[in-house]
S.K.: 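Quick one: the structure is below, and I'll ask about it shortly.
A note on names: the letters A, B, ... follow the listed sequences, proteins ahead of strands, and every chain is numbered from 1.
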2 protein chains.
Amino acid sequence: MAPKKLKSVAQDAAPAQRTGAAAAKPTKQTPAKPRPLTRIQREKQDMILEAALEVFSMHGFRGATIDQIAEVAGMSKPNLLYYFPSKEEIHRRLMSALLVTWLAPLEEMRADGDPFVEIRSYIRRKLEMARDFPRESRLFANEMLRGAPHIIDMIAVDLKALVDEKAEILLGWMDEGKLSRTDPYHLIFSIWATTQHYADFDVQVRAVLGKGRDGEGRFEDAARYLEHLFLFGLTPKTKVGKDAD
Amino acid sequence: MAPKKLKSVAQDAAPAQRTGAAAAKPTKQTPAKPRPLTRIQREKQDMILEAALEVFSMHGFRGATIDQIAEVAGMSKPNLLYYFPSKEEIHRRLMSALLVTWLAPLEEMRADGDPFVEIRSYIRRKLEMARDFPRESRLFANEMLRGAPHIIDMIAVDLKALVDEKAEILLGWMDEGKLSRTDPYHLIFSIWATTQHYADFDVQVRAVLGKGRDGEGRFEDAARYLEHLFLFGLTPKTKVGKDAD
DNA sequence: CTAACATTTTTCCAACTGGTCAAAAATCCG
DNA sequence: CGGATTTTTGACCAGTTGGAAAAATGTTAG
């Protein structure tokens with residue numbers, strides 16, 4: 001229930017070395033002595049990334065400004081730029097951390113589990129993410145809307161591989177008659193779409209549902225509905241006799 | 001199949017009267033003599049709106065620039081500003097036209113039709129819109145992601161009213177036992193989510209599905225899958241015996 | 001042709017943008 | 001303490017942004 005903090009994003013990228021052209025070595029990677037990176041540095045970087053998440057997720061990359069991010073992070077623009085070399089770099093860091101987080105729930109789907117249990121808990125995990133990390137969801141959506149310029153590669157490689165793998169599992173279940181036969185890819189798409197909708201289109205959901213039944217109640221309604229939609233939609237005809245509530 | 005042009009958006013807003021403070025009357029509306037608006041003016045305005053749709057739908061309001069819109073529209077920035085007083089106004093026009101278009105498919109859902117036929121064709125209409133008007137879908141999504149600052153009122157009033165009405169219809173069908181009993185609001189949300197996903201997350205869908213099966217095939221797969229998902233998920237237990245396909 | 005009008009282009013501007021830099025201020029550490 | 005280092009700040013810059021003015025160029029009716 002309590003939104004556990006996402007794994008800290010910071011890892012290296014020491015403050016911009018300003019001493020001469022020291023760090024200017026265009027060796028692409030500069031792993032020569034990553035310099036431990038003090039606790040304060042990590043904290044500040046996290047504050048910046050947190051603020052950047054807030055701003056990027058609302059306005060997209062181009063619509064966000066460094067000043068705005070700096071203000072939300074509670075520091076001056078030059079100070080922020082002391083910790084990150086550029087706006088792009090902040091975004092990059094945010095995106096690569098996000099991708100890991102975003103793929104995790106699907107990775108957990110196990111071939112040796114019960115199909116319905118696996119799918120149900122996958123849906124629930126995704127729905128929880130939409131509830132607990134709406135900004136991450138919007139950040140992702142913003143990137144997608146723009147054609148995913150910064151992550152298209154990872155999408156086309158890592159994500160595709162993962163989905164291929166899970167689609168195979170789903171197909172296996174269908175072959176065994178444990179699952180109604182449909183397109184496993186579009187099945188996954190529909191889980192993504194329906195769950196993330198509650199984060200990305202939150203305003204609309206709120207406005208349409210009105211005041212009553214907010215927060216947790218809303219979430220439970222959505223969870224119950226989606227469960228109904230997917231499970232009964234996927235129940236193979238042979239097992240249909242089951243009369244659940 | 002051929003994406004029929006959306007209704008022309010232009011309606012009034014004559015070229016910015018520059019003669020003195022003529023049009024400066026801050027009376028909010030300036031309907032005093034709308035001036036017929038020549039064919040050429042309407043064409044130019046449409047070109048601008050078309051270009052603006054292209055740009056706004058990719059970069060969001062803040063991320064889009066007038067220069068960019070002007071370039072896409074094939075004219076200079078001041079020339080564009082001759083037809084529209086400001087960037088905001090262009091966006092406003094685009095949004096209000098969009099809302100009408102966006103609500104239309106749901107309005108067609110009739111209480112006196114067959115539930116499954118009605119829902120099926122609603123899904124198909126929405127899916128066709130995602131295919132034929134992806135930019136409109138993304139424009140809408142972009143606005144939602146930012147909290148819908150420009151259309152929250154219409155969402156909370158007109159859209160809500162429409163959804164309330166249709167939810168009532170769905171509830172009626174459920175009462176009559178023609179539809180499995182679930183939350184009608186979340187049902188509508190899930191239709192929106194699953195169909196618009198194909199426009200908004202097109203890059204991802206493409207990347208995951210890979211080269212093969214693009215365009216029409218893709219669309220048909222999605223349509224077939226969604227039909228399966230929703231219809232079987234909504235089939236009341238009493239009618240379940242039907243062994244399709 | 002020409003006056004009245006519609007359209008387009010050129011020039012300009014103030015505010016904002018991402019980003020730099022040197023100096024000041026904090027902090028660390030022996 | 002005092003020097004070295006890290007962090008923060010203020011001034012600054014070149015390019016971009018939304019937009020205004022006005023001059024220049026059509027266009028059209030009489």
Side-chain angles (χ1 to χ4, degrees), chain A residues 10 13-24 33-48 51-52 55-56 59-94 150, chain B residues 10 12-24 33-48 51-52 55-56 59-94:
Chain A
Q17 246 71 19
R18 56 195 46 263
T19 31
K33 214 61 187 170
R35 204 69 68 73
L37 193 57
T38 78
R39 178 184 46 83
I40 276 205
Q41 285 172 337
R42 228 174 301 128
E43 280 178 10
K44 284 287 171 79
Q45 288 193 1
D46 279 354
M47 286 176 56
I48 293 171
V55 178
F56 279 138
H59 300 288
F61 181 76
R62 289 193 46 179
T65 73
I66 297 188
D67 284 278
Q68 211 180 338
I69 297 172
E71 195 195 318
V72 174
M75 63 181 75
S76 68
K77 177 171 62 171
N79 195 189
L80 181 151
L81 285 167
Y82 170 72
Y83 290 102
F84 286 90
S86 71
K87 181 181 169 183
E88 278 228 20
E89 186 55 32
I90 302 176
H91 192 257
R92 215 188 317 270
R93 282 278 290 279
L94 230 34
H150 294 15
Chain B
D12 52 4
Q17 245 71 21
R18 57 195 47 263
T19 28
K33 212 62 186 168
R35 203 70 67 71
L37 192 56
T38 80
R39 178 183 46 82
I40 277 206
Q41 284 172 337
R42 226 174 305 126
E43 279 178 10
K44 284 288 172 82
Q45 288 193 0
D46 279 355
M47 286 176 55
I48 292 170
V55 179
F56 279 138
H59 300 290
F61 181 75
R62 291 195 42 179
T65 74
I66 298 188
D67 285 278
Q68 211 179 339
I69 297 172
E71 195 195 320
V72 174
M75 62 182 76
S76 68
K77 177 172 62 171
N79 195 190
L80 181 150
L81 284 168
Y82 170 72
Y83 290 102
F84 285 91
S86 71
K87 182 180 168 184
E88 278 227 21
E89 186 55 32
I90 301 176
H91 191 257
R92 216 188 317 270
R93 282 277 290 279
L94 230 35

S.K.: Using whole Å, what does the distance between atom P of nucleotide D/dG19 and atom OH of B/Tyr83 come to?
M.R.: 18 Å
S.K.: Over how many whole Å does the gap from A/Met47 atom CE to D/dT8 atom C1' extend?
M.R.: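 Whole-Å distance recorded here is 13 Å.
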S.K.: Using whole Å, what does the distance between atom C1' of nucleotide D/dG19 and atom CD1 of B/Ile90 come to?
M.R.: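 Answer to the nearest Å: 12 Å.
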S.K.: Need to verify one output field. Residue with the more 5' nearest nucleotide on DNA chain D, B/Glu88 or A/Lys44?
M.R.: A/Lys44
S.K.: Please list all pairs meeting salt bridge (Lys or Arg N to Asp or Glu O under 4.0 Å) that have one or both residues in residues 59-74 of chain B, counting only residues at least two apart or in different chains.
M.R.: B/Asp67-B/Lys77
S.K.: Under 4.5 Å between any side-chain heavy atoms of A/Arg93 and A/Phe84, yes or no?
M.R.: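 A side-chain contact under 4.5 Å exists here.
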S.K.: With B/Glu88, which residues qualify under side chain to side chain contact (heavy atoms under 4.5 Å, CB included), at least two apart?
M.R.: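 Expected list: B/Phe61, B/Ser86, B/Arg92, B/His150.
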S.K.: Between atom CG of A/Asp46 and atom CD of A/Gln41, what is the distance when rounded to the nearest 0.5 Å?
M.R.: 12.0 Å
S.K.: Roughly how far, to the nearest 0.5 Å, is CG of B/Asn79 from NZ of B/Lys44?
M.R.: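 B/Lys44 NZ to B/Asn79 CG: 6.0 Å, rounded to 0.5 Å.
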S.K.: To the nearest angstrom, how far is B/Arg42 atom CZ from C/dT7 atom P?
M.R.: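 In whole Å, C/dT7 P and B/Arg42 CZ are 12 Å from each other.
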S.K.: Rounded to the nearest 0.5 Å, what's the gap from OH on B/Tyr83 to CZ on B/Arg42? Could you check?
M.R.: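 Between atom OH of B/Tyr83 and atom CZ of B/Arg42 there are 12.5 Å.
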S.K.: Between the protein and nucleotides 9-17 of chain C, which nitrogen or oxygen pairs are less than 3.5 angstrom apart?
M.R.:
none

S.K.: Under the side chain to side chain contact (heavy atoms under 4.5 Å, CB included) rule, collect the residues that match up with B/Ala52, sequence neighbours excluded.
M.R.: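 By the side chain to side chain contact (heavy atoms under 4.5 Å, CB included) rule, B/Ala52 matches B/Phe56, B/Ile69, B/Ile90, B/Leu94.
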S.K.: Whether B/Gln41 contacts C/dT7 is assessed here as follows: a side-chain N or O lying under 4.0 Å from the phosphate OP1 or OP2. Is that the case?
M.R.: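 It does, given that an N or O in the side chain of B/Gln41 lies less than 4.0 Å from OP1 or OP2 of C/dT7.
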S.K.: Measure from CD1 on B/Ile48 to P on C/dT7 and round the result to the nearest Å.
M.R.: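 Checked: the CD1 to P distance equals 11 Å.
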S.K.: Rounding to a whole Å, what distance do you find between A/Leu81:CG and D/dT7:P?
M.R.: 15 Å
S.K.: Walk me through whether A/Ile48 and A/Met75 qualify under side chain to side chain contact (heavy atoms under 4.5 Å, CB included).
M.R.: CA-CA 9 Å; A/Ile48 293 171; A/Met75 63 181 75; 3.8 Å; yes
S.K.: Could you please spell out the steps behind the side chain to side chain contact (heavy atoms under 4.5 Å, CB included) verdict for A/Lys87 and A/His91?
M.R.: CA-CA 6 Å; A/Lys87 181 181 169 183; A/His91 192 257; 5.9 Å; no
S.K.: Hey, what bend do you get for the helix from C/dC1-D/dG30 to C/dG30-D/dC1 if you fit axes on five pairs at each end, rounded to 10°?
M.R.: 10°
